[in-house]
Amino acid sequence: MREELDMGQMSNYEYITENNLENRQKYMYSHYRGLDFLQSYLHSRREFLRQNEGVSDLQSTFERMGKDKEVSNTSKRLLGLYKHLSAGKWTQWEKSELDGFLKAFEVRKRLYNDYVLGTFRPVDDTEYKDVLNYLLLAAALVYGDTSQGNLKYFNCLLKINDTLLSLRNDLTIEEKKILATIITDELCIYERLA
Amino acid sequence: MVILKDVVLLAAASARSQAYVQAMIKANLMPEKCILFVGNTELLEVGGGKNNAYVNLSESLVDSLELYETPYEIIEEENINSDKIANVLRNLPQSYVVYSGYGGYILKPHLFQLGKKYIHVHAGLLPQYRGSTTAYYSILQDNCIGATSIFLNEKIDEGDILYQGTYPLPSSTIDIDYVYEPWVRSQVLIKTLKQYAENGFFLNEKQKSDGAETYYIIHPVLKHLALWKVEQLNYA
């Protein structure tokens, strides 16, 4: 049985201590706490990686999950986007899709299972708790950052990974493995900037 | 003191407003009238901060205006989109409104039906840095902080550009949110107003969308990296 992550050690990093889908983070006017804060952030990620290994082939994992008939329309869309990005494509279409989902998450701090056609307005009464949506967008944002070098993608990735980590005790083993792979990528980007 | 004809300042009780008023005084430029809008009028009487090389936050808006005998009016209302403020604006003879509002409030469409042009200074070069907390992204990506004055329109950060400039990174002891960024905005405002004083009109050009990017509230990790970068540059 997987051990529960040490809440005490990770709780110094305040952005993952509660369910972020229900208690949405605002991230406004954060105070500067110097290196201590950055160390608490790194600890929050490394502790998760210490307890969870990643997947060897993220794309294959997503494709297998995408064949499940229960997959939401948002997941289908994000899987299509992820495939394009992982194949090195970056046209106006990829940018519009990625920027659209980025804005959708940044504004509401949630991803909904379905959006009104041609918009990023959630369909009425649609759910927002499907973890696969968040994992797919996070993985797509890694490509957005590495291909474009624009920090808005990394910014959103940090927030989505905060949300996923805030749900860590409810994730399946496979979801944790996928998240571990994405967090490894996140830390590579962080190291490049730090 | 040069009085800017047809121009009024509409200012919230904020560090940005303090920076604007002090910069205008220093540049010897003043609008015909200042309108201060605030939920609690006591906030206008206190400085709320310390003096520093950029903005004297210990000097309140009212103190600054009274020192230079600039006519001002106080409206007890914090919501820029309220009917109260709309009525005040509607009855103003001036066409141009230099706007310094509270963060998080966006001007609603009815304010654009009043025949006024709102001048806003965005803390970022446009169109490359639309959106929020753009100073920090600019620190990380471009090693500078920019600002752009625009005529506001109903779209966010897409108005016609009046003036824009970039400024070096500050000393690490200076608060970016409450001191340096407001100061940078005030400097671009002064350049904009000087051009108006010289020409009698605001030079402006339509903002292009090529290269436009919109940024969202910066994650604390990135904010810390930006501030850490400023510290390192100051110690280099």
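Owing to the predicted nature of the structure, the values given are computational and were not obtained by experimental measurement. Here is how names work: the chains are called A, B, and so on, in the same order as the sequence lines, proteins then strands, and each is numbered from 1.
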Between the side chains of [X] and [Y], is a donor N or O closer than 3.5 angstrom to an acceptor N or O?
| X | Y | value |
| --- | --- | --- |
| B:Asp142 | B:Tyr129 | yes |
| A:Glu186 | A:Asn161 | yes |
| A:Thr184 | A:Thr181 | no |
| A:Tyr13 | A:Gln39 | no |
| A:Glu22 | A:Tyr128 | yes |
| A:Ser60 | A:Asp57 | yes |
| A:Thr74 | A:Asn133 | no |

Quiz item: Among residues 90-107 of chain A, which residues come closer than 4.5 Å to chain B, judged by heavy atom distances?
Solution: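 Contacts with chain B: A:Lys95, A:Asp99, A:Leu102, A:Lys103, A:Glu106, A:Val107.
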Quiz item: Mind checking which of residues 153-160 of chain A sit less than 4.5 Å from chain B, heavy atom to heavy atom?
Solution: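 Against chain B, the residues of residues 153-160 of chain A that fall inside the cut-off (heavy atoms, under 4.5 Å) are A:Phe154, A:Asn155, A:Leu158, A:Lys159.
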Quiz item: For B:Tyr136, is it the side chain, the backbone, both or neither that has a heavy atom under 4.5 Å from a heavy atom of chain A?
Solution: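 For B:Tyr136, no heavy atom lies under 4.5 Å from chain A.
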Pick one of side chain, backbone, both or neither for [X], based on which atoms fall under 4.5 Å of a heavy atom in chain B.
| X | value |
| --- | --- |
| A:Tyr41 | side chain |
| A:Tyr15 | side chain |
| A:Asn150 | both |

Self-check item: Interface residues of residues 204-226 of chain B facing chain A - non-hydrogen atoms under 4.5 Å apart
Solution: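 Within residues 204-226 of chain B, the residues that come under 4.5 Å of chain A (heavy atoms only) are B:Glu213, B:Thr214, B:Tyr215, B:Tyr216, B:Ile217, B:Ile218, B:His219, B:Pro220, B:Val221, B:Leu222, B:Lys223, B:His224, B:Leu225.
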Self-check item: salt bridge (charged side-chain N to carboxylate O under 4.0 Å, His left out) contacts in which one or both residues fall within residues 74-85 of chain B, not counting sequence neighbours
Solution: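 Every candidate salt bridge (charged side-chain N to carboxylate O under 4.0 Å, His left out) pair involving residues 74-85 of chain B fails, so no pair, neighbours aside, qualifies.
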Could you check whether atom [atom1] of [X] has more than 12 heavy atoms from other residues, nucleotides or ligands sitting under 6.0 Å from it?
| X | atom1 | value |
| --- | --- | --- |
| B:Lys108 | NZ | no |
| A:Arg121 | CZ | no |
| A:Tyr29 | OH | no |

Quiz item: Relative to each other, are the rings of A:Tyr112 and A:Tyr115 parallel, tilted or perpendicular (30° and 60° limits)?
Solution: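 Taking A:Tyr115 first and then A:Tyr112, their aromatic rings stand perpendicular (interplane angle over 60°).
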Practice problem: Working to the nearest 0.5 Å, report the span between CG of A:Leu137 and CD1 of A:Ile182. | Solution: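 Rounded to the nearest 0.5 Å, the CG-CD1 separation comes to 9.5 Å.
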Quiz prompt | Distance (rounded to the nearest 0.5 Å) between A:Asp162 CG and A:Thr17 OG1 | solution =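 Here the interatomic distance stands at 10.0 Å.
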Quiz item: Just checking, B:Lys117 and B:Phe151: is the charged tip under 6.0 Å from the six-membered ring centre and within 45° of the axis?
Solution: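 Cation-pi check for B:Lys117 and B:Phe151: passes.
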